[in-house]
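Worksheet: one structure, shown below.
Note that the structure is predicted; figures quoted are calculated from it, not measured. Numbering of residues begins at 1 and proceeds along the displayed sequence.
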Amino acid sequence: MRVCLFVEPHRGATYDTQLNFARHTEDAGFEGLLRADHYRALTPEPGLPGPTDAWITLAGLARETRTLRIGTLVNSATFRMPGPLSIMVAQVDQMSGGRVELGMGAGWVEREHTAYGIPFPAVGERFDRLEEQLEILTGLWGTPEGRTYSFDGKHYHLVDAPALPRPVQRPHPPIIVGGKGPRRTPQLAARYADEYNMPFKTVAETAAAFDRVRTAAEAIGRERPLTLSAGIVVAIGRTGAEAARRAAPLHVKSALPPEDPVEGSPAQLVQRIGEMREIGATRVHLRLIEMDDLDHVDLIASEVLPQLT
């Protein structure tokens, strides 16, 4: 089982906080650290000192870590144009020596768009744009050297793009399609993704989502393997009181949909990861709430990771 950590800097985290967390995550032996892509806190609090841009942050982490895989879970398709995004991701992949992963989603929090003047079309158009972006990204990165890439879609038009720079990872950095949607999401994952991620739901709901993706992959005759991963919200402790303290932020009013966190002991997290493995997950992304709580990272590293080998 491959184990990564997942964080939400929009809750309130400076770059230095994220760097300290990333270095600690790397030293503790986790495979990767992926971050959310939001421009506002999802709770009533403002998330001081304010948001940090995902790709600016990842560029910094690329130069200040050594082995940790880094990326987005997930990049909002509404925030960036696909051509410039291909340049950003390829450049950060170069800066990291080939450790970047690109999670892609359609975008869903309206108020962060209206707050910063970002267009927020209806959900159908957001998925249409996501699909075109995935086609453009894979098309640019798959263009042979010395050739150009053009695309004429409903929402994006590229003419003779030089398809540069090239990412280190070939044919491209791993693409993760994440989400709970029952129709478009499985289809996009089956066609474009290297990994499908089901975020923060029950084992039964995750199993059903995995089945939908498998069915979509079979329908198009996909042959290359598709990693299935599960997101798990984690608040564990050595005692019940410690676990309850870490779980307290999970019960604050938020725009997030209902989730199924693991609140309790390390053994409960080991059990949940085992249940996800039984339904086909080969990777988990553990969402930790407080980025200043490095003891939480150490507890998982010492009490959970050794039981997963």
Side-chain angles (χ1 to χ4, degrees), residues 1-13 21 24-25 28 30-38 41-45 47 72-74 103 105 108-109 176 178-181 195-210 228-305 307-308:
M1 179 65 72
R2 301 161 59 196
V3 183
C4 299
L5 298 186
F6 170 72
V7 293
E8 299 177 316
H10 55 275
R11 288 176 173 267
F21 189 92
H24 203 84
T25 299
F30 291 91
E31 178 188 64
L33 172 64
L34 281 74
R35 59 156 284 167
D37 186 26
H38 286 293
L42 305 184
T43 56
E45 292 76 20
T72 52
L73 195 67
V74 289
W108 63 279
V109 184
I176 305 169
K180 301 178 286 290
E195 176 179 332
Y196 166 73
N197 176 257
M198 176 60 165
F200 317 125
K201 289 296 188 178
T202 66
V203 175
E205 289 171 304
T206 303
F210 286 176
L228 299 175
S229 69
I232 304 173
V233 183
V234 177
I236 63 172
R238 298 172 183 84
T239 65
E242 187 177 82
R245 172 178 61 80
R246 289 184 169 131
L250 300 176
H251 304 289
V252 174
K253 183 179 179 181
S254 169
L256 288 169
E259 299 171 331
D260 188 43
V262 174
E263 305 178 30
S265 67
Q268 288 174 270
L269 178 55
V270 172
Q271 178 179 344
R272 177 68 63 83
I273 293 172
E275 291 168 347
M276 292 298 187
R277 174 162 38 204
E278 288 177 2
I279 62 171
T282 57
R283 195 185 201 195
V284 290
H285 299 275
L286 308 181
R287 189 177 108 207
L288 306 190
I289 305 304
E290 301 294 344
M291 296 185 68
D292 290 323
D293 187 3
L294 300 181
D295 181 63
H296 203 186
V297 176
D298 293 336
L299 177 60
I300 298 170
S302 63
E303 301 296 328
V304 176
L305 291 188
Q307 301 189 57
L308 303 181

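Using a 4.5 Å heavy-atom cutoff, the side chains of Arg35 and Met291 are not in contact. Between Arg272 and Val284 there is no side-chain heavy-atom pair separated by less than 4.5 Å. Side-chain contact between Leu5 and His24 is absent, with no heavy atoms from C-beta onward closer than 4.5 Å. Within the 4.5 Å cutoff, the side chain of Lys201 has heavy atoms near those of the Lys180 side chain. In this structure the side chain of Glu303 never reaches within 4.5 angstrom of the side chain of Val270, judged on heavy atoms. Put simply, the side chain of Leu286 reaches to within 4.5 Å of the side chain of Leu269, judged on heavy atoms. At a threshold of 4.5 Å between non-hydrogen side-chain atoms, the residues Asp295 and Arg238 count as touching. Within the 4.5 Å cutoff, no side-chain heavy atoms of Leu305 are placed close to those of Gln307.
When every heavy atom of Ala28 is checked against every heavy atom of Val297, the shortest pair comes out as CB-CG1, 4.0 Å. The minimum heavy-atom distance between Tyr196 and Ala209, with the atom names listed, is OH-CB, 3.5 Å. The minimum heavy-atom distance linking Gly237 with Glu242 is given by the pair CA-OE1, 3.1 Å. The minimum heavy-atom distance between Arg287 and Val233, with the atom names listed, is NH1-CG2, 3.5 Å. The heavy-atom pair separating Ala243 from Gly264 by the smallest distance is CB-O, 3.4 Å. Taking both residues in full, the closest heavy atoms of Phe6 and Leu33 are given as N-CD1, 4.4 Å, listed atom of the first, atom of the second, then distance.
Rounding to the nearest 0.5 Å places CD of Glu275 at 9.0 Å from CD1 of Ile232. Taking CD1 of Ile300 as the start and CZ of Phe30 as the end, the distance is 5.0 Å to the nearest 0.5 Å. From Cys4, atom SG reaches atom NE2 of His285 across 5.0 Å, with rounding to the nearest 0.5 Å. Separation of atoms CG (Asn197) and CG (Leu34) is listed at 9.0 Å; rounding is to 0.5 Å. Taking CE of Met276 as the start and CZ of Phe210 as the end, the distance is 7.0 Å to the nearest 0.5 Å.
Side-chain atoms of Arg246 come within 3.5 Å of backbone N or O of Ile236 as a donor-acceptor pair. At distances below 3.5 Å, at least one donor-acceptor pair connects side-chain atoms of Gln268 with backbone N or O atoms of Ser265.
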>> Under the criterion side chain to side chain contact (heavy atoms under 4.5 Å, CB included), I'd like the reasoning laid out for Ile289 against Leu250: C-alpha separation, chi angles, the key distance, then a yes or no.
In response: CA-CA 8 Å; Ile289 305 304; Leu250 300 176; 3.5 Å; yes
> Can you check side chain to side chain contact (heavy atoms under 4.5 Å, CB included) on Asp293 and Arg245, steps first, answer last?
Replying inline: CA-CA 11 Å; Asp293 187 3; Arg245 172 178 61 80; 4.2 Å; yes
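Listed by chain and residue number, His38 satisfy the ring-ring contact (aromatic ring centres under 6.0 Å, His included) test with His10 (two or more places apart in sequence, or in another chain).
With no hydrogens or angles considered, a side-chain donor-acceptor pair links Glu205 and Thr202 at under 3.5 Å.
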